[in-house]
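For reference, positions follow the sequence shown, starting with 1. Being a predicted model, the structure only gives us computed values, none of them experimental.
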Amino acid sequence: MSEGGVPIAANEVRNDQPRFNPVGLMFFGMTATVLLMMCFVWENLGNPWGPLPSALAAWVLFIIHIVLIRSRLSAMDPLVWIPVFMLLFYFGTPIAVDLMGFSEYGEAFGPVPKLTIGFVINLMSFAAFFFGVHLSGIADCSRPTTYFPEVTRSLIPAALAMGVVGYVMLLIGVAIAGPGILFGSYVDLRMAEASGKVTTSWYNVGTILVPATCMALLASYDKSKGWIPPFVMAAMAPVLLLLVATGDRGGLAAQIMALGWVFTQRLRRVSATVATVGFVLALILMPMLKEYRNYRDVQDSSQLSSYELIAATFYEMGSSGLIFAWTVDAVPRTRPYDYGASIALPVVYLVPWVGRAVPGLGEYALDHNQNYWISEFIDPASYAVKGASHGFTMTGVWYSNFGIAGVYIFGAGIGWAAGRLRNMGRENSIRILASGLSVVFMALVIRNSLGTPLRYVVWPFGMILICYLLTPRKVKRTEIVGNEMLPRSTI
């Protein structure tokens with residue numbers, strides 16, 4: 001392995017700073033700005049193109065992004081997989097319908113209003129995200145960090161304590177909800193929650209704390225702590241099985257992606273072949289997991305070909321793009337912009353039980369919960385009976401608060417934050433943990449309101465950070481692979 005023709009040993013200190021790519025900055029900045037201007041006059045232009053061109057343009061932007069920074073990426077890099085998640089959730093339906101011949105746009109709820117401009121705003125958000133990423137600078141994360149030249153402290157004691165708490169809450173949560181409800185039909189579980197018969201709060205917190213524990217342990221790994229990888233596998237296996245059993249496909253994918261990122265930054269690289277094969281298998285398995293979640297069998301999906309299963313995954317995940325088109329139709333025509341209320345409320349609700357302590361706050365928060373009001377707007381009959389939630393999108397959060405301009409500004413801002421947090425994967429243990437948890441946040445918030453993704457980050461990181469700051473400072477070089485020569489990871 002070499003950098004500029006000079007061999008780099010595994011134990012050499014690298015003073016690698018994030019680099020700015022002027023081509024990427026100019027290209028994505030100009031693309032996002034042009035699309036922003038087009039969004040304001042889109043209908044006056046006569047809706048120049050449909051959903052498929054927007055989807056294909058998004059894939060072209062993604063390819064350009066990868067080509068520009070490929071030498072600085074690893075196979076599990078958030079700057080690869082977060083955009084892939086965005087492509088699936090925001091542009092999956094046009095690929096499934098127009099290219100793969102799967103279903104129709106309005107199959108579930110009838111014709112979708114604001115369809116074309118909805119996808120163009122998503123495309124503008126996608127370009128703005130890349131602009132923000134390139135504005136943050138791109139550090140070289142193509143191979144694991146060998147050791148830290150700065151002061152670092154182990155996260156292991158705090159992580160183990162948090163892991164014990166997490167497993168206790170998991171067990172209590174299963175006992176309170178009851179295995180028959182928790183692992184039964186997904187619809188029955190949600191209706192039981194809506195009626196107040198059961199609560200999954202304890203269980204949900206456990207599924208947040210245990211994976212964060214494993215990330216913290218991996219972030220503290222060095223060559224003398226060979227017990228950490230098998231311990232992490234043993235600790236995560238039951239949690240992953242529980243996520244499969246309860247049908248939490250988003251949480252499952254987010255945690256695997258985040259753990260893979262931390263693993264590549266502290267232990268060894270994952271090959272691009274392994275990552276790609278895993279991704280394709282995930283696309284095939286998603287419809288099966290959905291059917292198993294809803295009906296506890298895979299009778300229908302098992303009869304589909306791999307091509308049909310992948311098309312079904314694109315279609316279902318891409319329904320978030322359709323939800324956003326409904327959002328553009330609803331706001332501000334039927335309800336005003338939130339002007340930050342639905343962004344601030346999830347932050348307030350990070351404090352447990354605050355909704356019960358402040359009179360009227362619970363009702364106000366429910367009225368501003370995008371998952372619910374958009375579901376009632378799209379399908380009021382189903383919402384009234386089941387309390388159904390069709391999900392929201394990150395772009396929808398920005399749009400419902402500050403309109404098209406808000407999508408541009410916050411899209412670039414979240415891209416900048418994602419880039420900065422990803423670059424922390426080159427630094428010390430606590431920052432690698434922050435980098436890993438940010439991957440969970442981004443993977444979830446792409447198709448969600450802010451509340452749940454924030455809890456996945458703030459609660460475990462806050463617990464670890466407090467313990468970390470109370471730990472005595474020790475100057476330590478954390479060596480992970482000795483003096484071997486590490487091959488550069490490529491994509």
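At most 12 heavy atoms of other shown residues, nucleotides or ligands fall within 6.0 angstrom of atom CH2 in W202.
Residues F119 and F91 meet the side-chain proximity criterion, which asks for heavy atoms closer than 4.5 Å. For the pair F102 and F314, the minimum side-chain heavy-atom distance is 4.5 Å or more. Residues F85 and R447 fail the side-chain proximity criterion, which asks for heavy atoms closer than 4.5 Å. Residues R455 and N204 have side chains not in contact (no heavy-atom distance under 4.5 Å, counting atoms from C-beta outward). Within the 4.5 Å cutoff, side-chain heavy atoms of L218 are placed close to those of I228. Residues L68 and V23 are in side-chain contact: their nearest non-hydrogen atoms beyond the backbone lie under 4.5 Å apart. Side-chain contact between P287 and T313 is present, with heavy atoms from C-beta onward closer than 4.5 Å. Counting only heavy atoms from C-beta outward, the side chains of L35 and F126 never approach each other to under 4.5 Å.
Smallest separation of non-hydrogen atoms from C141 and S74: O-CB, 3.3 Å. When every heavy atom of F20 is checked against every heavy atom of S136, the shortest pair comes out as CE2-C, 3.8 Å. Of all heavy-atom pairs spanning S429 and L155, the tightest one is O-CD1, 3.7 Å. Summarising the geometry of I432 relative to A219, their closest heavy-atom pair is CG2-CB, 3.9 Å, with the distance given to 0.1 Å. G436 and M215 get closest at one heavy-atom pair: C-SD, 3.7 Å. Closest non-hydrogen pair, G425 versus Q265, comes out as O-NE2, 3.0 Å.
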Test side-chain contact (heavy atoms from CB on, under 4.5 Å) on F279 and V80 and set out the steps. CA-CA 12 Å; F279 172 65; V80 176; over 6 Å; no
Test T213 against Y167 for side chain to side chain donor-acceptor pair (under 3.5 Å), laying out the working first. CA-CA 10 Å; T213 292; Y167 258 106; over 6 Å; no
Pair L309, L283 - check side-chain contact (heavy atoms from CB on, under 4.5 Å), show working. CA-CA 7 Å; L309 289 170; L283 292 179; over 6 Å; no
Take L88 and I446, measure what side-chain contact (heavy atoms from CB on, under 4.5 Å) needs, and give me the verdict at the end. CA-CA 10 Å; L88 291 171; I446 286 169; over 6 Å; no
Can you list the steps and then say if S142 with D140 is a side chain to side chain donor-acceptor pair (under 3.5 Å)? CA-CA 6 Å; S142 61; D140 187 354; 2.7 Å; yes
Would W59 and I95 count as a side-chain contact (heavy atoms from CB on, under 4.5 Å) if you check the C-alpha gap in whole Å, the side-chain angles of each, and the deciding distance to 0.1 Å? CA-CA 11 Å; W59 278 95; I95 300 298; 4.2 Å; yes
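Atom CD1 of I404 sits about 5.5 Å away from atom OH of Y399, to the nearest 0.5 Å. Atom CG of L73 is separated from atom CD1 of I138 by 7.5 Å, given to the nearest 0.5 angstrom. One finds the OH atom of Y90 at 8.5 Å from the CZ atom of F324 (value rounded to the nearest 0.5 Å). Between atom CG of residue D248 and atom CG of residue L240 there is a gap of 11.0 Å, rounded to the nearest 0.5 Å. We find the CG-CZ distance between L61 and F27 to be 5.5 Å, quoted to the nearest 0.5 Å. The CE atom of M162 sits 9.0 Å away from atom SG of C214, with the distance rounded to the nearest 0.5 Å.
The closest donor-acceptor contact from the side chain of S271 to the backbone of V274 lies under 3.5 Å. Between the side chain of Q255 and the backbone N or O of P211 there is no donor-acceptor pair closer than 3.5 Å. Side chain of R266 to backbone of Y221: a donor-acceptor contact under 3.5 angstrom is found. Put simply, the side chain of R70 gets close to the backbone of V67: a donor and an acceptor are under 3.5 Å apart. Judged by distance alone, the side chain of N423 and the main-chain N or O of A139 form a donor-acceptor pair under 3.5 Å. Put simply, the side chain of S319 never gets that close to the backbone of Y315: no donor and acceptor are under 3.5 Å apart. The closest donor-acceptor contact from the side chain of T264 to the backbone of W261 lies under 3.5 Å. Not a single donor-acceptor pair under 3.5 Å links the side chain of T116 to the backbone N or O of G50.
Taking the six-membered ring where tryptophan is involved, the planes of H65 and F62 are tilted, since the angle between them lies from 30° to 60°.
Tested against V445, the residues V397, T393, L450 include a single side-chain contact (heavy atoms from CB on, under 4.5 Å) partner, L450.
Ring pair F410/F402: centre-to-centre distance below 6.0 Å.
The side-chain hydrogen bond (donor to acceptor under 3.5 Å, both in side chains) pairs that include a residue from residues 22-35 are T33-Y408, where partners are two or more places apart or lie in different chains.
Residues meeting the salt bridge (charged side-chain N to carboxylate O under 4.0 Å, His left out) test with R249, sequence neighbours left out: E316.
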